[in-house]
There are 2 protein chains.
Amino acid sequence: MGRTAYYTSEQFVDAALKIAALQGPAAVTIAAVAGEVGAPVGSVYHRYLSRNTLLAEVWLRVISSFQEAFLQTLDNGDGLAAALHTPRWVRLHPAEARLLLLYRREELADGSWADDLKEKARRITRDLDCAVRNYVVRMSGKYDQESADRAVFAIIDVPYAAVIRYIRLGRKPPKKVDDYIRQTYSTIMRKEK
Amino acid sequence: MGRTAYYTSEQFVDAALKIAALQGPAAVTIAAVAGEVGAPVGSVYHRYLSRNTLLAEVWLRVISSFQEAFLQTLDNGDGLAAALHTPRWVRLHPAEARLLLLYRREELADGSWADDLKEKARRITRDLDCAVRNYVVRMSGKYDQESADRAVFAIIDVPYAAVIRYIRLGRKPPKKVDDYIRQTYSTIMRKEK
DNA sequence: ATTTTATTAGAATATATATTCTAATAAAGC
DNA sequence: GCTTTATTAGAATATATATTCTAATAAAAT
């Protein structure tokens, strides 16, 4: 019952994502989002409690998109493949990659998150920690901080470093970044044994 | 002639740097800067044309501090020492490091820079490019893009990656990040020859 | 057909903060 | 001592944008 909707929540998230990726988080005003969709600002607030909530939703969607395939690969026990997931995902999703890797989460959506969003964010962090832990245990038979730190460096930090320069330039990372990541991975993870 | 000054330009830059490093760029309001110094807002504007100009000055000071020692080391021809400059500088200057590595330049001070500041920024970029170029030529006898990209990855991008995690946690990077950087450096730069 | 209500519609409001403006001060030079 | 002017002082203004509010709509349920 009630009037049928012209605009969906998803449209507003799409619009916010597009604006944020193209022009940065500061350009994501409610008026801009509404304008992009062709809706009145009231309709944005009808779907979302606040700008912050909308942007939190954007961030959660993007990081989930990244993390899903990443965790799957890592859970298969293939650390190198997981490391190479970053450049692959960045090439496949250039707009999302800009958003996720160029800006801090706090620049997109600040501290005041609703409880359900906070919980989703916590789960994302937890899932990542957990996957890394499992991977390390599977690798070396036991868990220690030193091995975990090496793995995080080789599988997360280095791929990020290899890719961020090209994101800043607005280009897709060339094939050679995969080589850098591979070489670094085998050097760093070799010390493991 | 004229009344003698109670407050110096430097005090305002110091205050802005402190607030930005501690609470992020958004917390650097003119009122906050003035309050930190104990001055009226008018005195801030007496020294600086705008908030943006003040923050540009902050950014230039911090990046110059980083880059001076970095370039000196690289000009000596020691790439590994240059790569290790990043963790060392971060340990010595935690507040400056937060500011420089945690936030994008555009988040601190947006596009509308005065000509003299723009020129200073351009010089910083140019000096870095130039030093990398010289280093590559000295290494391999000639210059090619591939060698330059490898050097940038090993000397700039990887040290950044190794250190940023600890900056986010508000901790000093432990000694082992130096090991990661060393190992990566020798792997990546070995392919050079 | 009437009622109900989710939704559209966009004008009005609230708020934060950069910037401007006017006046008062105080040191230096004469 | 008087004049000049760089500087302090902080109140007033401008602006951008998030948020709220009131009214109009339209589809579904009865």
Side-chain angles (χ1 to χ4, degrees), chain A residues 1-20 22-59 103 105-114 117, chain B residues 1-20 22-59 103 105-114 117:
Chain A
M1 56 188 116
R3 182 174 177 173
T4 52
Y6 278 22
Y7 314 108
T8 64
S9 304
E10 208 186 48
Q11 277 181 284
F12 296 127
V13 175
D14 288 344
L17 169 57
K18 180 178 172 185
I19 295 167
L22 244 50
Q23 314 180 76
V28 187
T29 63
I30 301 298
V33 171
E36 174 74 25
V37 173
V41 301
S43 290
V44 179
Y45 278 95
H46 187 68
R47 303 287 171 185
Y48 292 97
L49 194 63
S50 67
R51 172 183 186 276
N52 213 36
T53 303
L54 173 61
L55 287 178
E57 209 75 66
V58 169
W59 185 80
Y103 309 105
R105 201 212 60 180
E106 297 81 10
E107 190 180 353
L108 200 64
D110 77 17
S112 56
W113 288 37
L117 297 180
Chain B
M1 59 191 112
R3 181 175 178 171
T4 52
Y6 278 21
Y7 314 108
T8 64
S9 303
E10 208 185 48
Q11 277 179 285
F12 296 127
V13 175
D14 287 344
L17 169 57
K18 181 178 171 185
I19 296 166
L22 244 49
Q23 314 180 73
V28 187
T29 64
I30 301 299
V33 171
E36 174 75 25
V37 173
V41 300
S43 291
V44 179
Y45 279 96
H46 187 67
R47 303 286 171 184
Y48 293 97
L49 193 64
S50 66
R51 172 183 186 276
N52 213 38
T53 304
L54 172 62
L55 287 178
E57 209 75 65
V58 169
W59 185 81
Y103 309 105
R105 201 213 60 184
E106 297 80 9
E107 191 180 352
L108 200 65
D110 76 17
S112 56
W113 288 36
L117 297 180

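Naming: A, B, ... by sequence-line order, numbering from 1 per chain. All values reported here derive from a predicted model rather than from experimental measurement.
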- Identity of whatever pairs with C:dT22 - Watson-Crick or G-U, under 3.5 angstrom: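 Base-paired to D:dA9.
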- So, do A:Thr53 and A:Tyr48 sit near enough that their side-chain heavy atoms are less than 4.5 Å apart?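 Heavy-atom side-chain distance check passes, below 4.5 Å.
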- Close approaches to DNA chain D from residues 9-20 of chain B, in residue order (heavy atom, under 4.0 Å):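 Residues of residues 9-20 of chain B under 4.0 Å from DNA chain D: none.
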Between atom [atom1] of [X] and atom [atom2] of [Y], what is the distance when rounded to the nearest 0.5 Å?
X       : Y        : atom1 : atom2 : result
A:Ser50 : A:Ile30  : OG    : CD1   : 7.5 Å
B:Trp59 : B:Glu106 : CH2   : CD    : 8.5 Å
B:Glu57 : B:Leu54  : CD    : CG    : 8.0 Å

- Toward the 5' end of DNA chain D, which comes first, A:Tyr6 or B:Val41, by nearest nucleotide?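 Looking at DNA chain D, the more 5' nearest nucleotide goes with B:Val41.
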- Message: Judged by each residue's nearest nucleotide on DNA chain D, which is more toward the 5′ side, A:Ala26 or A:Gly42?
- Response: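 Its nucleotide being nearer the 5' end, the pick is A:Ala26.
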- Task: Work out which heavy atom in A:Ala20 is nearest to a heavy atom in A:Tyr103; give both atom names and the distance.
- Result: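 Distance-wise, the nearest heavy atoms are O-CE1, 3.9 Å.
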- Task: Take A:Ala39 and B:Val28, find for each the nucleotide of DNA chain C with the closest heavy atom, and name the residue whose nucleotide sits nearer the 5' end.
- Result: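 With A:Ala39 and B:Val28 compared, the 5'-side residue is A:Ala39.
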- So which one's nearest nucleotide on DNA chain C is more toward 5', B:Gly2 or B:Ala31?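 Final value for this comparison: B:Ala31.
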- Query: A:Ile19 and side-chain contact (heavy atoms from CB on, under 4.5 Å): which partner among A:Thr29, A:Val28, A:Val58?
  - Reply: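 Filter result, single survivor: A:Val28.
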- State which residues pass side chain to side chain contact (heavy atoms under 4.5 Å, CB included) with B:Ala109; sequence neighbours excluded, sorted by chain then number.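 B:Ala109 satisfies side chain to side chain contact (heavy atoms under 4.5 Å, CB included) with B:Asn52, B:Leu55, B:Ala56, B:Trp113 once adjacent residues are dropped.
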- Item | First-last contacting nucleotides on DNA chain D - partner chain B, under 4.0 angstrom, heavy atom |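 Using the under 4.0 Å cut-off, the span is D:dT5 to D:dA11.
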- With distance as the sole test, does B:Tyr7 use its side chain to make a donor-acceptor pair with the main-chain N or O of B:Gly38 at under 3.5 Å?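 Yes, B:Tyr7 side chain to B:Gly38 backbone: donor-acceptor pair under 3.5 Å.
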